[in-house]
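See below for the structure under consideration.
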Amino acid sequence: MIDTSKYATASHVAGLIGEPRATLISAVDAGLVDAVRLKCGTLCIEISSARRWAKSDRKRGRPPKADADTTLDCSGADQPNYRSVAAKLRKPKAKRASQRRSPDGQISR
C-alpha cells in the first residue's frame, strides 16, 4: 500500500518544489525522481525524492549549439570548413520561367 502522505500528483509536487511540471515529469522519465503510476494512469511522485532532485546541482537551459565552422583537423588553414563543403554539394537552384535563357542566350519571358 502506498503512503499517501509521501506521494502526490505531478502538478502538486511541481508547485511544492517550484519547478515546471514538464521538467519534473522529464526527471521522472530519466529515473532521477522516484514515482509510481497508479492503475488508473495517474503519476504519483515521491515528494522527498523530488525535493532532493530540485536541490541538486544540475545543468539548466538549452545545450550550446555546436560550432559549424570547426573541423576535426585544426592543424592547417587549407582545411575546408563545413559550410564551404556543404555549399559545393548543394544542387543549383532551379530558375524561374522568367529567368530561363534560350540556347541563343536571350532571356525568355
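Worth saying up front: this structure is predicted, and the values here are computed from it rather than measured.
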Listed pairs under 3.5 Å, donor-acceptor, residues 44-52 side chains, sequence neighbours left out:
unit_1	atom_1	unit_2	atom_2	d
Glu46	OE2	Ser48	OG	3.3
Ser49	OG	Asp34	N	2.9

Tabulate below the donor-acceptor pairs under 3.5 Å that side-chain atoms of residues 9-28 make, not counting sequence neighbours, or state none.
unit_1	atom_1	unit_2	atom_2	d
Thr9	OG1	His12	N	3.4
Glu19	OE1	Arg58	NH2	3.3
Glu19	OE2	Arg58	NH2	2.9
Ser26	OG	Ala22	O	3.0

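Shown here are the side chain to side chain donor-acceptor pair (under 3.5 Å) partners of Thr4, two or more places apart in sequence or in another chain: there are none.
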